[in-house]
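By convention in this document, chain letters (A, B, ...) are assigned in the order of the sequence lines, proteins followed by strands, and residues within each chain are numbered from 1.
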There are 2 protein chains.
Amino acid sequence: MVRDRVRSQARLVAAVGQVLTEAGFKGLGVNAVARRADLDKVLIYRYFGGFDALLEAYARSGDLWWSVDEIVGEHLPGPEQDSLAAWCVLALKRQVAALRQRPVTQQILAWELVEPSPLSRALSELREARTRQLVGRLVERGGGRAHGLLPTLHGLLGAASLYLVLRAHSVGQWHGVDFTTEAGWGRLDGAIAALVHAALGEPQATPSRR
Amino acid sequence: MVRDRVRSQARLVAAVGQVLTEAGFKGLGVNAVARRADLDKVLIYRYFGGFDALLEAYARSGDLWWSVDEIVGEHLPGPEQDSLAAWCVLALKRQVAALRQRPVTQQILAWELVEPSPLSRALSELREARTRQLVGRLVERGGGRAHGLLPTLHGLLGAASLYLVLRAHSVGQWHGVDFTTEAGWGRLDGAIAALVHAALGEPQATPSRR
DNA sequence: CTTGACATTCACCTGTCAGTGACATAGTGC
DNA sequence: GCACTATGTCACTGACAGGTGAATGTCAAG
């Protein structure tokens with residue numbers, strides 16, 4: 001028996017993420033987390049004060065949402081450096097990629113539609129704050145030319161792609177497109193690009209309607 | 001004690017819907033349904049063969065998804081009768097309204113992101129079939145002039161608004177807009193209209209950017 | 001070595017879940 | 001009235017959930 005409080009705390013926090021990826025929110029509970037951490041569940045109450053507090057500790061520890069730099073960090077190659085539409089398309093594509101490689105975040109987002117939890121509350125705050133930053137940054141990157149439709153576009157297409165990512169695990173089909181294959185995601189990228197360019201009134205460099 | 005098999009079956013099927021609206025999918029189970037129907041749970045096994053079969057019976061009985069006529073049934077008033085964009089906007093708005101007044105459908109759609117069930121499978125089939133009809137009808141209504149972006153637009157904006165309806169119960173905030181108020185839904189309608197008209201290249205009759 | 005604090009485990013409580021077997025009762029044909 | 005069938009009720013099992021009190025083991029200070 002190793003006696004190390006901080007190590008046990010860390011193992012419990014890590015076990016939350018492991019249970020979420022393996023069993024989803026449905027299988028998340030005191031017993032499952034303790035079992036996964038190979039520790040007794042009573043430690044959750046002693047060290048954190050309860051299960052919700054453990055979830056909050058996990059939310060603080062994890063890389064649940066992406067930074068603005070992860071989305072619009074690098075410069076765009078080629079002649080479109082100042083195109084607002086090109087930046088917007090890039091941002092939306094990268095947000096899809098960022099979400100797809102965060103299975104835990106997907107689980108939380110899916111579960112918050114059924115029942116909000118401390119995890120989803122923490123995630124909401126992060127998301128709203130970083131989205132504001134991101135839209136501001138997009139305007140900068142696009143040469144400072146604001147466009148009335150930009151927040152609308154980003155908000156609606158962001159919601160659409162987020163939903164499609166969440167669906168991919170369970171159902172996978174949406175309007176005839178199969179999102180269990182990479183080809184399906186390619187069609188989503190194409191659709192986003194076509195729509196953004198049409199809406200912002202900039203002709204598309206490489207037209208790719210779906 | 002009333003002894004009437006068909007009546008008891010009907011009460012069990014109805015209880016599924018009642019439990020779903022009152023407690024959501026999380027509270028749906030053999031015990032809850034039987035309690036709500038004021039019958040013994042053993043009847044679920046006797047009459048339907050199991051809980052999943054009861055869910056399938058409920059799916060067949062209920063008005064889970066809307067008909068195409070409910071969305072594009074009547075003629076549009078005014079001079080925009082043949083505008084594809086106007087029809088598309090109307091369809092999207094009515095789909096939001098149709099979903100908002102179907103709490104059970106919302107529960108099923110939220111739950112299928114966590115774990116598919118017989119109910120979500122039945123719903124998926126309905127949805128995919130009727131969506132195909134709907135897009136076809138839209139093209140007719142819009143004067144037969146197909147537009148390459150129409151399926152894309154309808155698919156993405158449909159996904160976005162569906163997701164926002166599902167969020168409204170639990171979180172309510174999206175990109176600064178509050179979807180617990182009617183004003184928030186008005187902004188969604190405006191955003192959809194602005195985007196559709198911009199994307200389809202038809203000037204908007206009453207401009208209403210968000 | 002002794003003592004005491006603390007990390008950790010064990011055993012148990014209560015409640016809910018899905019599912020089943022045995023029993024009670026009502027209506028029907030005879 | 002009698003027997004049979006179908007409807008409905010009751011009581012139970014085993015599994016698992018969240019949560020808690022007491023006991024066990026380990027380490028370090030004295």
Asker: B:Leu39 has an atom CG; how far is it from atom P of D:dG8, in whole Å?
Answerer: 7 Å
Asker: Is the distance from the ring center of B:Trp174 to that of B:Phe179 below 6.0 Å?
Answerer: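 No - the distance between ring centres of B:Trp174 and B:Phe179 does not fall below the 6.0 Å cut-off.
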Asker: Can A:Leu156 and B:Leu188 be said to form a side chain to side chain contact (heavy atoms under 4.5 Å, CB included), step by step?
Answerer: CA-CA 9 Å; A:Leu156 285 184; B:Leu188 174 63; 3.7 Å; yes
Asker: If we ignore angles and hydrogens, is there a donor and acceptor under 3.5 Å between the side chains of B:Gln95 and B:His154?
Answerer: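 Yes - a donor-acceptor pair under 3.5 Å links their side chains.
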Asker: Taking atom P of C:dA18 as reference, at what distance in whole Å does atom CG of B:Leu43 sit?
Answerer: 15 Å
Asker: For B:Arg7 and C:dG27, give me the distance from atom CZ to atom P, rounded to whole Å.
Answerer: 13 Å
Asker: Polar-atom pairs under 3.5 Å, protein N or O versus N or O of nucleotides 2-6 of chain C: list them with distances, or write none.
Answerer:
| from | atom 1 | to | atom 2 | distance (Å) |
| --- | --- | --- | --- | --- |
| C:dC6 | O2 | A:Arg3 | NH2 | 2.5 |

Asker: Polar atoms only, N or O, under 3.5 Å: list the protein pairs with nucleotides 16-18 of chain D and their distances.
Answerer:
| from | atom 1 | to | atom 2 | distance (Å) |
| --- | --- | --- | --- | --- |
| D:dA17 | OP2 | A:Arg35 | NH2 | 3.3 |
| D:dG18 | OP1 | A:Val30 | N | 3.3 |
| D:dG18 | OP2 | A:Val30 | N | 3.3 |
| D:dG18 | OP2 | A:Asn31 | N | 3.2 |
| D:dG18 | OP2 | A:Asn31 | ND2 | 2.6 |
| D:dG18 | N7 | A:Lys41 | NZ | 3.2 |

Asker: Find the distance B:Asp4:CG to C:dA26:C1' and express it as a whole number of Å.
Answerer: 12 Å
Asker: What is the separation between atom CG on B:Asp40 and atom C1' on D:dC12, rounded to the nearest whole Å?
Answerer: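 B:Asp40 atom CG is separated from D:dC12 atom C1' by 12 Å.
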Asker: Ignoring hydrogens, what is the shortest heavy-atom contact between B:Val89 and B:Ala193? Give both atom names and the distance.
Answerer: CG2-CA, 3.8 Å
Asker: So, are A:Glu182 and A:Arg100 salt-bridged, with charged N and O less than 4.0 Å apart?
Answerer: yes
Asker: Within this structure, what is the CZ-to-P distance between B:Arg46 and D:dT9, rounded to whole angstrom?
Answerer: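 Distance check: B:Arg46 CZ to D:dT9 P gives 10 Å.
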Asker: Check residues 51-66 of chain A and write down every donor-acceptor pair under 3.5 Å in which the side-chain atom is one partner and the other belongs to a residue at least two apart or another chain.
Answerer:
| from | atom 1 | to | atom 2 | distance (Å) |
| --- | --- | --- | --- | --- |
| A:Ser61 | OG | A:Tyr58 | O | 3.0 |
| A:Asp63 | OD1 | A:Arg102 | NH2 | 3.4 |
| A:Asp63 | OD2 | A:Arg102 | NH2 | 3.1 |

Asker: Side-chain N or O of B:Ser8 versus OP1/OP2 of D:dT7: is the shortest distance under 4.0 Å?
Answerer: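 So the side-chain polar atoms of B:Ser8 never come under 4.0 Å of the phosphate oxygens OP1 or OP2 of D:dT7.
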Asker: A:Gln9 CD to C:dT8 C1': how many Å, rounded?
Answerer: 13 Å
Asker: Between A:Ser67 and A:Asp69, does any side-chain donor sit less than 3.5 Å from a side-chain acceptor?
Answerer: no
Asker: Please determine whether side chain to side chain contact (heavy atoms under 4.5 Å, CB included) holds for the pair A:Asn31 and A:Lys41, giving the CA-CA distance in whole Å, both sets of side-chain angles, and the decisive distance to 0.1 Å.
Answerer: CA-CA 6 Å; A:Asn31 295 299; A:Lys41 60 182 169 183; 3.0 Å; yes
Asker: Counting distance only, does the side-chain N/O of A:Gln106 pair as donor-acceptor with the main-chain N or O of A:Leu99 below 3.5 Å?
Answerer: yes
